[in-house]
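Protein chains get the first letters and strands the later ones, always in sequence-line order, with residue 1 at the start of each.
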Number of protein chains: 2
Amino acid sequence: MTSSAAVEAAPDTTYSITQLANEFGITTRTIRFYEDKGLLRPKRQGLTRIYSPRERVRLKLVLRGKRIGFSLAEIGEIMDMYDSEPGESGQLVYMLDELRKRRTMLQRRQRDIALTLQELDQIESQCRERLASMREAGARARSAAG
Amino acid sequence: MTSSAAVEAAPDTTYSITQLANEFGITTRTIRFYEDKGLLRPKRQGLTRIYSPRERVRLKLVLRGKRIGFSLAEIGEIMDMYDSEPGESGQLVYMLDELRKRRTMLQRRQRDIALTLQELDQIESQCRERLASMREAGARARSAAG
DNA sequence: ATTGACGTTTACGTAAACGTCAAGTAAGAT
DNA sequence: ATCTTACTTGACGTTTACGTAAACGTCAAT
């Protein structure tokens with residue numbers, strides 16, 4: 001048991017490209033594409049790509065960002081923020097503003113999703129009503145025939 | 001004051017394509033594109049498109065669906081569910097299953113967003129720490145010079 | 001020695017969601 | 001009558017995010 005919340009792999013664990021592809025249900029082509037876009041920087045043994053736990057985490061972040069609806073470019077920017085060097089004060093202020101924007105956007109999406117979930121509930125209850133009344137009608141027909 | 005929650009326009013209100021485009025911050029091209037994809041069906045006066053409050057609501061739903069990350073095709077399917085005719089029982093059962101899938105997906109996205117918001121908070125507090133320590137250092141320098 | 005699994009690069013293909021002209025219509029103002 | 005403004009229909013262009021195919025290297029097992 002370590003002090004970290006999630007199960008962390010030993011820092012010297014490595015993964016092949018197909019291992020990661022299988023684990024996350026994507027293709028190796030996709031992983032190479034992300035590297036091309038600067039989202040991943042695996043080490044190499046000769047030509048072969050070697051992925052560390054850190055790269056694996058980055059890949060996970062990319063996939064989560066995608067599900068949320070960020071573009072790969074945006075995901076890159078956010079990850080860059082995370083491990084950027086301190087930099088000058090102006091840069092930090094700019095980052096804070098960017099963060100505020102993202103947060104606002106995400107909060108709006110939370111609302112959007114909540115609304116949509118409500119509507120799905122509505123549609124579902126309508127479905128169930130219809131089904132119930134159809135079954136009721138069927139039962140009446142059977143009992144009349146019996 | 002009507003009995004409905006949101007402010008509803010009189011049912012005979014109409015909108016032009018540019019009105020809607022301006023209201024929602026999109027282009028007329030986009031609106032026509034959605035029509036092309038079967039998401040909207042405005043009436044016509046000659047060639048000119050006339051949008052009812054109902055079409056406006058559909059457009060709103062499309063844009064919300066997009067923010068959530070649905071494809072236009074998915075959005076179409078969902079809206080079709082909403083105003084589909086009762087249909088046969090098998091169709092209803094299929095719909096219920098589809099609804100379950102969407103719900104699961106949306107709940108996952110809620111979690112994704114929550115996680116991302118937490119991480120943005122982390123990045124932000126790091127930013128603020130750095131800024132604070134930079135200002136402190138600046139203050140020391142000024143007081144030494146004074 | 002060959003087969004198969006896994007890896008590589010390069011390059012062209014594609015679907016989605018529009019953007020961007022081009023060329024024309026239709027209605028009202030000057 | 002023509003000018004402006006808003007609207008129309010094509011049709012081709014663009015970006016994003018990969019898919020797909022070709023052509024090749026590497027290593028273990030048969």
Side-chain angles (χ1 to χ4, degrees), chain A residues 13-52 55-56 58-80 102 105 109 112 116, chain B residues 13-52 55-56 58-80 102 105 109 112 116:
Chain A
T13 310
T14 65
Y15 310 89
S16 77
I17 192 168
T18 34
Q19 271 173 25
L20 289 182
N22 290 334
E23 174 176 358
F24 293 114
I26 57 182
T27 67
T28 60
R29 172 71 178 93
T30 299
I31 296 180
R32 292 196 194 97
F33 183 76
Y34 293 162
E35 182 180 343
D36 226 55
K37 294 295 167 180
L39 301 174
L40 301 175
R41 293 167 199 271
K43 283 167 188 155
R44 301 271 185 147
Q45 269 182 13
L47 286 180
T48 306
R49 292 166 172 84
I50 307 291
Y51 295 86
S52 66
E55 292 299 308
R56 204 189 79 114
R58 287 181 70 92
L59 177 53
K60 230 176 176 173
L61 285 177
V62 172
L63 298 175
R64 199 175 74 199
K66 278 206 52 189
R67 288 196 301 271
I68 291 177
F70 285 128
S71 73
L72 295 183
E74 284 176 313
I75 293 169
E77 290 170 21
I78 295 176
M79 292 198 308
D80 285 353
R102 312 277 184 196
M105 184 197 319
R109 292 210 175 154
D112 286 335
T116 303
Chain B
T13 311
T14 65
Y15 310 89
S16 77
I17 191 170
T18 33
Q19 271 173 26
L20 290 182
N22 290 334
E23 176 176 357
F24 293 113
I26 58 181
T27 68
T28 59
R29 173 71 179 94
T30 299
I31 296 179
R32 292 197 195 97
F33 183 75
Y34 293 162
E35 181 179 344
D36 227 55
K37 294 294 169 181
L39 301 174
L40 302 175
R41 294 170 199 271
K43 284 168 188 156
R44 299 272 185 144
Q45 269 181 12
L47 287 180
T48 305
R49 294 167 171 83
I50 307 291
Y51 296 87
S52 67
E55 292 301 307
R56 203 189 79 114
R58 288 181 68 93
L59 177 54
K60 230 174 174 172
L61 285 176
V62 171
L63 297 175
R64 200 176 70 200
K66 278 207 52 189
R67 287 196 301 270
I68 291 177
F70 285 128
S71 73
L72 295 183
E74 285 176 312
I75 292 168
E77 290 169 22
I78 295 177
M79 291 200 306
D80 284 353
R102 312 278 185 193
M105 182 198 319
R109 291 207 178 157
D112 286 334
T116 303

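No contact: A:Thr28 has no heavy atom under 4.0 Å from any strand.
The CD-C1' distance, from B:Gln45 to C:dG28, rounds to 15 Å in whole Å. Distance, B:Asn22 CG to D:dC7 C1': 14 Å, rounded to whole Å.
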Between protein and nucleotides 9-25 of chain D, map the contacts as a letter string: B base, S sugar-phosphate only, - none, heavy atoms under 4.0 Å, written 5' to 3'. B-B-----BBBB-----
Can you list, pair by pair, the side-chain donor-acceptor contacts under 3.5 Å of residues 62-70 of chain B, counting residues two or more places apart and other chains?
from: B:Arg64; atom 1: NE; to: A:Thr116; atom 2: OG1; distance (Å): 3.4
from: B:Arg64; atom 1: NH2; to: A:Glu119; atom 2: OE1; distance (Å): 2.6
from: B:Arg64; atom 1: NH2; to: A:Glu119; atom 2: OE2; distance (Å): 3.0
from: B:Arg67; atom 1: NE; to: A:Asp112; atom 2: OD2; distance (Å): 2.6
from: B:Arg67; atom 1: NH2; to: A:Asp112; atom 2: OD1; distance (Å): 3.0
from: B:Arg67; atom 1: NH2; to: A:Asp112; atom 2: OD2; distance (Å): 3.4

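Contact check for A:Lys43 versus A:Ser52: no side-chain heavy atoms found under the 4.5 Å cut-off. Counting heavy atoms from C-beta on, the side chains of A:Arg49 and A:Glu35 come closer than 4.5 Å. For the pair A:Tyr51 and A:Ile31, the minimum side-chain heavy-atom distance is below 4.5 Å.
Every residue two or more places apart in sequence or in another chain was checked for a side chain to side chain donor-acceptor pair (under 3.5 Å) with A:Thr48, and none qualifies.
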